[in-house]
2 protein chains.
Amino acid sequence: MEALIKTERNLCITHILPIRDALDILSGKWKIPIIVALCVHKRRFKELHRDVQGITAKMLSKELKELEMNKLVKRTVHDTSPVTVEYSITDYGHSLTPVINELRDWGMKHRDKIIYHPEEV
Amino acid sequence: MEALIKTERNLCITHILPIRDALDILSGKWKIPIIVALCVHKRRFKELHRDVQGITAKMLSKELKELEMNKLVKRTVHDTSPVTVEYSITDYGHSLTPVINELRDWGMKHRDKIIYHPEEV
DNA sequence: GATACCAGTATCTAAATGTAAACCAGTATC
DNA sequence: GATACTGGTTTACATTTAGATACTGGTATC
């Protein structure tokens, strides 16, 4: 009986662990929106700043560094004058596509739900 | 030409919006782990506190309130003495299963990557 | 009567996030 | 040549959020 409880707890923890690994890298308000913006096409800093609405330059700068560290985003400096910096998504970043698609699907269904059946939600 | 740029920006913003809707409800360190724990089976407050490792009682309490508000989790008070409170996932909460599965898959692949090919990540 | 369990709260501190402005190099405007 | 602007940050400061710790009030256990 105790063994069963232990198994259930282990099952739970085993289920949660890889999700924590993913969330360590992706959680927060901005990382996924930035990745989505870059999936549409590569962009320069100011362009990203405009398209990821509501983010501050400081946050964008910080989040891009973290995404770059985790090899989801690539930063390319072009030797023009003045220098232009281009951010693009890596192949590894593209591996998040299924996660992002599911999240978008759910978000759209959720929005429909609160618009058309607000009393139920 | 300007119309094209505008279309690209709109595409980007259209892609991001439903994701923001989803993230408004799910983002942060704890909500998805709590949902996963409750997907394994319904639980009482202290059981959740033990199984969602690292969370404080204050955070757990706050996150459960928000999840309940969004109808992802149901709170049931049993009139025993002392009262026992049971948290369970709703049907609507179950609609997150595909999102969670993709997130878990990605998390497992990511973990493999950093264990077996750390130099590349 | 002391201790422990349950389902949380209250209080205080630490960390994350946000806001506003400044910085530097180059460019365009007057 | 002075002024103002752009791009890509960085800094200083304020606010918000999260975390650590202690506590409550009722019940059951030793």
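Labels below follow one simple rule: chain letters A, B, ... track the order of the sequence lines, proteins then strands, and each chain is numbered from 1. Treat the numbers as computed from the prediction; the structure is a model and nothing was measured.
Mapping Ala57(A) and Val83(A) onto DNA chain C via the closest heavy atom, the residue that lands nearer the 5' end is Ala57(A).
The pair Glu86(B)-Arg44(B) does not count as a salt bridge, with every side-chain nitrogen at least 4.0 angstrom from each carboxylate oxygen.
The distance between atom CG of Leu64(B) and atom P of dA7(C), rounded to the nearest whole Å, is 11 Å. Distance CG (Asp51(B)) to C1' (dA7(C)): 16 Å, rounded to an integer number of Å. We find that NE2 of His49(B) is positioned 12 Å from C1' of dT21(D), with the value rounded to whole Å. dT6(D) atom C1' lies 13 Å from atom CZ of Phe45(A), rounded to whole Å. We find that CG of Leu48(B) is positioned 12 Å from C1' of dA7(C), with the value rounded to whole Å. One can place CZ of Arg44(B) at 13 Å from P of dC5(C), the figure rounded to the nearest angstrom.
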Could you pull out the protein-nucleic contacts involving nucleotides 25-30 of chain D (nitrogen or oxygen on both sides, under 3.5 Å)?
residue	atom	partner	partner atom	Å
dT27(D)	O3'	Ser81(B)	O	3.4

I'd like a table of atom pairs between the protein and nucleotides 16-19 of chain D - only N or O on both sides, under 3.5 Å - with the distance next to each one.
residue	atom	partner	partner atom	Å
dA18(D)	OP2	Lys62(B)	NZ	2.3
dG19(D)	OP1	Lys29(B)	NZ	3.2
dG19(D)	OP2	Trp30(B)	NE1	3.1
dG19(D)	N7	Lys58(B)	NZ	3.1
dG19(D)	O6	Lys58(B)	NZ	2.4

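Checking side-chain atoms of Arg43(A) against main-chain N and O of His41(A) turns up a donor-acceptor pair under 3.5 Å. A donor-acceptor pair is defined here as one N or O able to donate and one able to accept, closer than 3.5 Å; no such pair exists between the side chain of Ser88(B) and the backbone of Lys42(B).
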N/O donor-acceptor pairs under 3.5 Å from side chains in residues 14-24 of chain B, not counting sequence neighbours:
residue	atom	partner	partner atom	Å
Thr14(B)	OG1	Asn10(B)	O	2.5
His15(B)	ND1	Leu11(B)	O	3.0
Arg20(B)	NH1	Gln53(A)	O	3.1
Arg20(B)	NH2	Gln53(A)	O	3.2
Asp21(B)	OD1	Arg111(A)	NH2	3.3
Asp21(B)	OD2	Arg111(A)	NE	2.6
Asp21(B)	OD2	Arg111(A)	NH2	3.2

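Remark: Lys113(B) is positioned above the aromatic ring of Tyr92(A), its terminal NZ or CZ atom under 6.0 angstrom from the ring centre and at most 45 degrees off the axis. Note that Lys74(A) lies outside the cation-pi zone of Tyr87(A), set by a 6.0 Å cut-off to the ring centre and a 45° limit from the axis.
Close to dG7(D), at under 4.0 Å from its OP1 or OP2, lies no side-chain N or O of Tyr87(A). OP1 and OP2 of dG7(D) both lie 4.0 Å or more from every side-chain N or O belonging to Arg43(A).
A distance of 13.0 Å separates CZ in Arg104(A) from NZ in Lys109(A), rounded to the nearest 0.5 Å.
Across the strands present, dT13(C) finds its partner in dA18(D); the criterion is a Watson-Crick or G-U wobble pair with both atom distances under 3.5 angstrom. In this structure, dG7(D) and dC24(C) make a Watson-Crick or G-U wobble pair, each of the two defining distances being under 3.5 angstrom.
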